[in-house]
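First the structure, in the form of structure tokens, and then the observations on it.
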Amino acid sequence: MFQSKIAGLGYYLPKNVYTNNDLTRFMETSDEWIQERTGIKERRYADRIGETTTSMGVEAAKIAIERANTTAEEIDFVIFATLSPDYYFPGCGVLLQREMGMKEVGALDVRNQCSGFVYALSIADQFIKTGMYKNILVVGSEKHSFALDFSTRGRAVSVIFGDGAGAVVLQPTTEEGKGILSTHLHSDGADAEKLAMYYPGASAGYYLDEMPEWPDVELGQMLMTKEMLEDGSAFPYMDGQAVFKKAVVKFPEVIGEALAKNNLKSTDINMLIPHQANLRISQFVQKTLGLSDDQVFNNIQKYGNTTAASVPIALCEAWEQGKIKDGDLVCLAAFGAGFTWGSALIRW
């Protein structure tokens, strides 16, 4: 059985920079309020027209493929993680396959939100290990800015998120002790509604305390209504305290699980790349694990929370800055809506 290695990685960020002060033009907030709660100073937003979740994923993928010394024609499987697809259906995987002129390869879309990239990486790892595929493109990309509530009503959510994309190419290696050592995935749906975008959806509000008043017709007209757009229920909802409390428990837990599986300890980690959810969460996890600043990479200050894109963007940026070197032990970890969480331990 092969091990899988990250042979190439890349990321893409839109050119439009929005600082915390810029957001005060749309809502009652302040730089101090946002930084105190999230650590974020600025974020990137994609062009409103012409720049999509898929197009950003393509740009990140081009870099990853080139660095892997391969071509789009040699990619034999695509896994695309996002919560903000170009269409309700089909998914972004096939759109990227089309835009990059790939062969008729399989394309899988992963909807695990902030944990999406770690889940996608785990899936790709299994395919490489069994020898089914040799060049797998894994993409995490998000365009949050088109669907957030940029008003005082929605500020608790909208100030956190940014747009961007990251990608890696996985290939097999026979070098002992190198590549992805193990991945660990978990979920707990008990509090799924604490971080969710309820509409459009097929539940019709079934799981919520209050069900919307639907049009009195026999069929249809339940995906989205004018009233949802007006009262704000069509926007994402987050119970920030509930998310924080769960994340600070599950982050260290799943990292510890990866270390225990490989008979390692936290001091062996050369670089921890946590999902960039909130700088306060990352700092809490760092303190819990007893890691130094040199052992943890954070870039949420510049880009906000880019959900499925945050881990690959941070991983690539850390590598480009020389913070990840050959032989280093790298740990990826993420926690997000669902709730879902996971980790991956890599010997670079």
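For the pair Pro215 and Gln221, the tightest heavy-atom approach, listed with the atom from each and the gap, is CD-O, 3.5 Å. Residues Leu345 and Cys331 share a closest heavy-atom pair of CD1-CB, 3.7 Å. Smallest separation of non-hydrogen atoms from Ala81 and Ala120: CB-CB, 4.4 Å. In plain terms, the two heavy atoms of Ser282 and His275 that are nearest each other are OG-O, 4.2 Å. Annotation for Phe251 and Pro274: closest pair CE2-CB, 4.3 Å, computed over non-hydrogen atoms. Nearest heavy atom pair, residue Leu195 against residue Ala337, reads O-CB, 3.4 Å.
Taking CD of Gln97 as the start and CG of Leu137 as the end, the distance is 11.5 Å to the nearest 0.5 Å. Atoms CG and OH, from Leu229 and Tyr199 in turn, are 12.5 Å apart once rounded to the nearest 0.5 Å. Within the model, atoms CG of Leu315 and CG of Leu121 stand 9.0 Å from one another, a figure rounded to the nearest 0.5 Å. The CD1 atom of Ile128 sits 7.0 Å away from atom CG of Asp76, with the distance rounded to the nearest 0.5 Å. Atom CD1 of Ile346 sits about 12.5 Å away from atom CG of Asn270, to the nearest 0.5 Å.
For Arg153, the side chain to side chain donor-acceptor pair (under 3.5 Å) partners are Asp149, not counting sequence neighbours. When the ring pair (Phe, Tyr, Trp, His ring centres under 6.0 Å) test is applied to Phe127, the partners found at least two apart in sequence or on another chain are Phe77, Tyr133.
No donor-acceptor distance shorter than 3.5 angstrom exists from the side chain of Gln3 to the backbone of Thr173, with no hydrogens or angles considered. Between the side chain of Arg43 and the backbone N or O of Val159 there is at least one donor-acceptor pair closer than 3.5 Å. Between the Arg347 side chain and the Gly179 main chain, no donor and acceptor come within less than 3.5 Å of each other. In this structure, the side chain of Thr82 engages the main chain of Ser141 through a donor-acceptor pair within 3.5 Å. Without hydrogens or angle criteria, Asp86 side chain to Cys92 main chain gives no donor-acceptor distance under 3.5 Å. The main-chain N or O of Ala204 is found under 3.5 Å from a side-chain atom of Trp214 such that the two form a donor-acceptor pair. With hydrogens and angles ignored, the 3.5 Å screen pairs a side-chain donor or acceptor of Asn20 with a backbone N or O of Ile40. Counting only distance, with no hydrogens or angles, the side chain of Ser158 and the backbone of Leu148 share no donor-acceptor pair below 3.5 Å. Between the Tyr198 side chain and the Glu193 main chain, a donor and an acceptor come within less than 3.5 Å of each other. Judged by distance alone, with hydrogens and angles left aside, the side-chain atoms of Asp163 form a donor-acceptor pair with the main-chain N or O of His144 at under 3.5 Å.
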Requested in this report: Start with the C-alpha gap between Asn262 and Ser182, add the side-chain angles, then the distance that decides, and say whether side-chain hydrogen bond (donor to acceptor under 3.5 Å, both in side chains) holds.
Outcome: CA-CA 8 Å; Asn262 295 278; Ser182 64; 2.9 Å; yes
Report task. Kindly determine whether Tyr18 and Phe150 satisfy ring pair (Phe, Tyr, Trp, His ring centres under 6.0 Å), including the steps that lead there. Result -> CA-CA 12 Å; Tyr18 277 75; Phe150 286 98; 7.8 Å; no
Report task. Quick one: do Ile255 and Ile269 satisfy side-chain contact (heavy atoms from CB on, under 4.5 Å)? Show the steps, please. Result -> CA-CA 10 Å; Ile255 294 168; Ile269 295 175; 4.2 Å; yes
Query raised in the report: Can you check side-chain contact (heavy atoms from CB on, under 4.5 Å) on Val254 and Phe335, steps first, answer last?
Result: CA-CA 10 Å; Val254 79; Phe335 175 91; over 6 Å; no
Requested in this report: Could you go through the side-chain contact (heavy atoms from CB on, under 4.5 Å) check for Asp191 and Asp239 one step at a time?
Outcome: CA-CA 10 Å; Asp191 292 318; Asp239 181 337; over 6 Å; no
Requested in this report: Quick one: do Gln113 and Thr307 satisfy side-chain hydrogen bond (donor to acceptor under 3.5 Å, both in side chains)? Show the steps, please.
Outcome: CA-CA 6 Å; Gln113 293 64 251; Thr307 311; over 6 Å; no
Report task. Apply the test side-chain contact (heavy atoms from CB on, under 4.5 Å) to residues Asp268 and Lys265: give CA-CA distance (whole Å), side-chain angles for both, the deciding distance (0.1 Å), then the verdict. Result -> CA-CA 6 Å; Asp268 294 316; Lys265 50 189 184 296; 3.3 Å; yes
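Looking at heavy atoms from C-beta onward, Cys316 lies in side-chain contact with Arg67 at the 4.5 angstrom threshold. Proximity of Thr38 to Ile300: side-chain heavy atoms (C-beta onward) are nowhere separated by under 4.5 Å. Looking at Leu291 and Gln286, their side chains come closer than 4.5 Å, going by heavy atoms from C-beta outward. In this structure, the side chains of Lys62 and Met100 come closer than 4.5 Å at one or more pairs of heavy atoms. No side-chain heavy atom of Gln276 sits under 4.5 Å from any side-chain heavy atom of Thr306. Using a 4.5 Å heavy-atom cutoff, the side chains of Val118 and Thr183 are not in contact. Side chains of Tyr88 and Leu223 form a contact here, defined as non-hydrogen atoms less than 4.5 Å apart. Within the 4.5 Å cutoff, the side chain of Thr54 has heavy atoms near those of the Val58 side chain.
The number of heavy atoms from other shown groups lying within 6.0 Å of CD (Gln321) is above 12.
The pair Lys323-Asp294 does not count as a salt bridge, with every side-chain nitrogen at least 4.0 angstrom from each carboxylate oxygen. Between Asp188 and Lys250 no salt bridge is recorded (no basic side-chain N to carboxylate O distance below 4.0 Å). Taking 4.0 Å as the cut-off between side-chain N and carboxylate O, Asp47 and Lys143 do not count as a salt-bridged pair.
For the 3.5 Å distance criterion, the side chains of Glu74 and Asn135 fail to qualify, holding no donor opposite an acceptor. With 3.5 Å as the limit, one finds a donor-acceptor pair spanning the side chains of Thr19 and Asp22. A donor-acceptor pair shorter than 3.5 Å cannot be found between the side chains of His186 and Glu253.
Relative ring orientation between Phe244 and Phe284 is described as perpendicular, the plane-to-plane angle rising above 60° on a 0-90° scale split at 30° and 60°.
Across Glu42, Glu317, Lys41, a single residue satisfies side-chain hydrogen bond (donor to acceptor under 3.5 Å, both in side chains) together with Tyr303, and that is Glu317.
For Arg155 and Trp33, the positive end sits near the middle of the six-membered ring, less than 6.0 Å away and at most 45° from its axis.
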